[in-house]
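Only one structure is covered here, and it is reproduced in the block below.
First listed ligand is number 1; within each ligand, the first listed atom is number 1. Keep in mind it's a predicted model, so treat the numbers as computed, not measured. For the single chain, residues carry numbers from 1 onward in sequence order.
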Amino acid sequence: MSQLSSQFEEIKEKNQTINAYITFSDLSDNTSNGKLSGKTIAIKDTISTAGLRTTCASKMLENYIPPFDAHVVSLLKNQGATILGKANCDEFAMGSSTEHSAFGVTRNPHDLERVPGGSSGGSAAAVAGNLADLALGSDTGGSIRCPASFCGIVGLKPTYGLVSRYGLIAYGNSLEQIGPMAKNVHDCALLLECISDYDNRDATCVNTKKIKYTEHLDDDISNMKIAVPKEFFGTGTDPKVEETVRNTIDKLASEGAIVEEINIESIKYSLAAYYIIAMSEASSNLARFDGLRYGLHTGKSKDWNELFSNNRKSGFGFEVKRRIMLGTFALSSGYFDEYYIKAQKVRSIITNDFKKIFDKFDAIVGPTMPTLPFKLGEKLTNPLSMYMSDIDTVSANLAGIPSISVPCGYSDNLPIGIQIMSSHFEEKTLLNLGSKIEQIRGFDVE
Ligand code: GLN
């Protein structure tokens, strides 16, 4: 047995506890020579892989085998990466804990009784638990950064338009990006280099100059201007999270960064605006899953109305149905102006506020998540408290700016992530600061 296939057997064994993967690939060692040769990778199950089942963690797509690769997947294959399988997530990427999967919950490798975060929880748990070297996630409102923070790894949501969404099964298409997850900032930068590539099959993809992110990790950070918004330490923030993040910011200041506390008044509206926009887009994007065009087909019915209802009733889980209904409501005539249009106006205000901040500052820093990883089941019956955990991540998606989560400490053996945001297409600043944090935080991620 080759080294890779014996490693694969061990991974399958470990997966019985962690449940990071929904489907394993037919392992074939990738012999292409590239930047990712010899690296194994887990792909979130919302990203299409030719010939490899792609379920979005939903019964609706339980038997769906895409006939094509997402653009990012072709890029990975060309760069020599070995795809191990499809990572578990919340159904259609809706959630913050990976408990809303039709294929069972994923467990946090740091504490098996706790959630790995979500929705890309399988991707993060695979990397943190040594079930893959690297992973791809998708982030609509925090789904890369939240599980990166909870599992003690690095995760980056790119600028909207930097990475092609071709082949990403849509949830909130105006908000989401595919992004890299890895144990350290270098590998995260390397993976971002491989997947940021112009693709005309995604009309929102921007043709920008290619940047070698790995070459900017040791740039000097002295005199870099960092803003710390008070709002990111609001009520509900665990004091241990606050202390660890503030300590890390102090260390950046001792390295020469210029740190200033600021206010972003509009941030208090970000969660409400995000959920209205995301659910509205979800209700539209998921309309195609009716069992005739796409998805589960339940069999005979008396008319198409009943057939569509039966298919959607059996195919979708509880949280997805809730969001389709709320999104449909927000888009219905009579309520459209009051909810959807108002949310879009708030989105513009938030985007402008960020723009003004980045006229003066290079980066914004705060916690990724307000709390430590919570217990399995703790928030499942209270959707509002689950939504509240996205309070610090959604604004980057509304504004389309890039954002990274980097491990900065532990409390009770549970990881804490620091979040850094920068102006559009300034990923190199995030990775540069992230790499500095790795040098000054005083521990390694094994
Ligand atoms: N937790 C957020 C939501 O449920 C974000 C999900 C995501 O980024 N895909 O919408």
Side-chain angles (χ1 to χ4, degrees), residues 43-47 56-58 87-101 106 115-124 135-151 155-158 160 163 165 168-181 270-286 316-327 330 343 347 368-371 373-374 378-380 382-405 417 419 421:
I43 311 278
K44 186 179 185 179
D45 213 18
T46 52
I47 301 171
C56 286
S58 180
N88 201 6
C89 55
D90 287 293
E91 185 176 4
F92 284 98
M94 298 176 191
S96 313
S97 66
T98 315
E99 291 168 293
H100 303 298
S101 163
T106 297
V115 302
S119 63
S120 314
S123 304
L136 284 186
S138 63
D139 190 311
T140 312
S143 279
I144 289 176
R145 291 159 287 156
C146 159
S149 173
F150 279 5
C151 290
L156 185 148
K157 179 204 89 73
Y160 189 76
V163 176
R165 286 181 298 108
L168 170 67
I169 298 172
Y171 155 27
N173 51 287
S174 80
L175 299 156
E176 60 211 4
Q177 280 284 290
I178 295 168
M181 303 172 86
S270 60
L271 202 62
Y274 166 78
Y275 270 99
I276 289 173
I277 295 169
M279 289 182 187
S280 300
E281 292 185 8
S283 76
S284 161
N285 283 321
L286 271 59
F316 289 136
F318 193 75
E319 182 61 24
V320 172
K321 284 180 191 154
R322 184 194 342 259
R323 293 186 187 211
I324 292 175
M325 288 200 283
L326 287 170
R347 184 178 191 172
T368 308
M369 299 304 289
T371 64
F374 43 90
E378 195 178 316
K379 295 187 192 251
L380 205 50
N382 185 348
L384 281 184
S385 87
M386 186 78 88
Y387 300 165
M388 285 296 287
S389 53
D390 304 329
I391 186 112
D392 298 328
T393 50
V394 295
S395 51
N397 303 75
L398 289 169
I401 56 175
S403 173
I404 194 173
S405 179
Q419 179 177 211
M421 302 175 187

Could you establish whether E176 and ligand 1 come within less than 4.0 Å of each other, counting only heavy atoms on the residue side? no
side-chain contact (heavy atoms from CB on, under 4.5 Å) evaluation trace for D90 with S97: CA-CA 7 Å; D90 287 293; S97 66; 4.2 Å; yes
Which residue supplies the protein heavy atom nearest to atom 5 (C) of ligand 1, what is that atom called, and how far is it? Y274 OH, 3.3 Å
Is there at least one pair of N or O atoms, one from T140 and one from ligand 1, spaced under 3.5 Å apart? yes
Enumerated ligand 1 atoms positioned under 4.0 Å from heavy atoms of A93: 6 (C), 7 (C), 9 (N)
Per-atom contacts of ligand 1 with G141, taking only distances under 4.0 Å to non-hydrogen atoms: 5 (C), 7 (C), 8 (O)
Atom 2 (C) of ligand 1: which protein heavy atom is closest, and how many Å away? D390 OD2, 3.1 Å
Would you mind listing which atoms of ligand 1 come within a distance below 4.0 Å of any non-hydrogen atom of G95? 1 (N), 2 (C), 3 (C), 4 (O), 6 (C)
Could you list the residues that satisfy side-chain contact (heavy atoms from CB on, under 4.5 Å) with Y160, not counting sequence neighbours? R165, Q177, T204
Which ligand 1 atoms are under 4.0 Å away from a heavy-atom of Y275? 1 (N), 2 (C), 3 (C), 4 (O), 10 (O)
Do S405 and T368 get their side chains close enough for a donor-acceptor pair, meaning under 3.5 Å? yes
So for R145 against ligand 1, with non-hydrogen atoms under 4.0 Å, the contacting part is neither
Counting heavy atoms under 4.0 Å, the part of Y387 that contacts ligand 1 is neither
Classify the ring geometry of Y387 against Y275: parallel below 30°, tilted from 30° to 60°, perpendicular beyond 60°. parallel
Tell me, which protein residue and heavy-atom name are nearest atom 7 (C) of ligand 1, and how many Å apart are they? S143 OG, 2.3 Å
Is it the case that ligand 1 has an N or O less than 3.5 angstrom from some N or O of M94? no
Under 4.0 Å from a heavy atom of D139: which atoms of ligand 1 are those, numbered in the order shown and with their elements? 8 (O)
Out of curiosity, is S119 lining ligand 1, as in a heavy atom under 4.0 Å away? yes
